[in-house]
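Working notes, structure below.
Both backbone and side-chain heavy atoms feed into the values below; hydrogens, waters and symmetry mates do not.
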Amino acid sequence: HVQLVESGGGSVQAGGSLRLSCAASGYTSTTNCMGWFRQAPGKEREIVAATYAALNRTHYVDSVKGRFTISQDNVNNTVYLQMNSLKPEDTAVYYCAAAPTAVCFVHSILPGDFDYWGQGTQVTVS
């Protein structure tokens with residue numbers, strides 16, 4: 001039984017930082033494609049960052065490059081999203097998701113490519 005559990009969301013002022021965590025059980029995050037998505041009210045869910053840890057491969061949407069960092073803790077099977085210099089437009093529900101390895105190597109990473117999802121965690125930047 002695969003389970004992804006996010007934590008670390010909250011409210012922060014613009015310019016602040018948050019670190020989201022995604023604890024994976026029943027699934028080996030380091031040998032699969034792990035992603036963070038977000039969905040703001042009235043908008044489609046979009047990829048924020050993805051990683052294939054076995055080859056240290058990462059992908060970021062242009063709007064977060066240089067501000068967000070995706071990483072993994074191999075021992076605890078946990079994926080993190082460090083978010084710095086947060087902006088009001090980063091406000092959304094953030095979701096952790098898992099997909100087969102190949103997804104991390106395609107040009108466009110889409111929500112439909114991911115098999116497993118967490119429940120989401122709210123991030124509000126004011």
Would you compute the distance between atom [atom1] of [X] and atom [atom2] of [Y] and round it to the nearest 0.5 angstrom?
X      : Y     : atom1 : atom2 : value
Tyr116 : Met34 : OH    : CE    : 11.5 Å
Thr69  : Met83 : OG1   : CE    : 11.0 Å
Lys87  : Ser63 : NZ    : OG    : 8.0 Å
Ile70  : Leu81 : CD1   : CG    : 6.5 Å

Keeping to residues at least two apart or across chains, list the disulfide (SG to SG under 2.5 Å) pairs with something in residues 74-126.
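Every pair satisfying disulfide (SG to SG under 2.5 Å) with a residue in residues 74-126: Cys22-Cys96, Cys33-Cys104.
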Residue pairs fulfilling disulfide (SG to SG under 2.5 Å) with at least one residue in residues 34-88, sequence neighbours excluded:
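The answer is none; no pair qualifies.
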With sequence neighbours excluded, give me every salt bridge (Lys or Arg N to Asp or Glu O under 4.0 Å) pair touching residues 52-81.
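The answer is Asp62-Lys65, Arg67-Asp90.
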If we ignore hydrogens and angles and just use 3.5 Å, is the side chain of Gln119 paired with the main-chain N or O of Val5 as donor and acceptor?
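Not confirmed, Gln119 side chain does not pair with Val5 backbone.
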So, the side chain of Gln72 versus the backbone of Val79: is there a donor-acceptor pair under 3.5 Å, distance only?
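No, because the side chain of Gln72 does not come within donor-acceptor range (under 3.5 Å) of the backbone of Val79.
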Closest approach of Val64 and Val48, non-hydrogen atoms and distance?
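It is CG2-O, 3.7 Å.
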Minimum heavy-atom separation for Glu6 and Tyr94, please, with both atom names.
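Shortest heavy-atom separation between Glu6 and Tyr94 comes out as OE2-O, 4.0 Å.
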With sequence neighbours excluded, residues passing side chain to side chain donor-acceptor pair (under 3.5 Å) with Asp115:
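So Asp115 forms no side chain to side chain donor-acceptor pair (under 3.5 Å) with any residue.
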Please name all residues satisfying side chain to side chain donor-acceptor pair (under 3.5 Å) with Ser85, sequence neighbours left out, ordered by chain then number.
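Residues passing side chain to side chain donor-acceptor pair (under 3.5 Å) with Ser85: none at all.
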What pairs meet the ring-ring contact (aromatic ring centres under 6.0 Å, His included) rule with one or both residues in residues 58-90, with sequence neighbours excluded?
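Found none.
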Provide the full list of side chain to side chain donor-acceptor pair (under 3.5 Å) pairs with a residue in residues 39-51, sequence neighbours left out, each pair given once.
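Every side chain to side chain donor-acceptor pair (under 3.5 Å) pair that includes a residue of residues 39-51, provided the two are not neighbours, is Arg38-Glu46, Gln39-Arg45.
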Only pairs at least two apart or in different chains count here, so list each side chain to side chain donor-acceptor pair (under 3.5 Å) that has a residue in residues 7-23.
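Every side chain to side chain donor-acceptor pair (under 3.5 Å) pair that includes a residue of residues 7-23, provided the two are not neighbours, is Ser17-Asn84.
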Apply the hydrophobic cluster definition, ILVMFWY joined by side-chain contacts under 4.5 Å directly or through others, and give me every member besides Tyr52.
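Its cluster mates, by chain and number, are Leu55, Phe105.
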Under 4.5 Å side-chain heavy-atom separation, chaining through any Ile, Leu, Val, Met, Phe, Trp or Tyr, what else clusters with Val106? Say none if it is isolated.
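Result for Val106 is Phe37, Ile47, Val93, Tyr95, Val103, Ile109, Phe114, Trp117.
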The criterion is side-chain contact (heavy atoms from CB on, under 4.5 Å); which residues satisfy it with Pro41, sequence neighbours excluded?
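Pro41 satisfies side-chain contact (heavy atoms from CB on, under 4.5 Å) with no other residue.
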I'd like to check the side-chain contact (heavy atoms from CB on, under 4.5 Å) partners of Ala23; sequence neighbours left out, ordered by chain and number.
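side-chain contact (heavy atoms from CB on, under 4.5 Å) check on Ala23 returns Thr78.
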Is Val125 close to Glu89 at the side-chain level, that is, under 4.5 Å between some pair of heavy atoms?
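SC-SC contact between Glu89 and Val125 ruled out.
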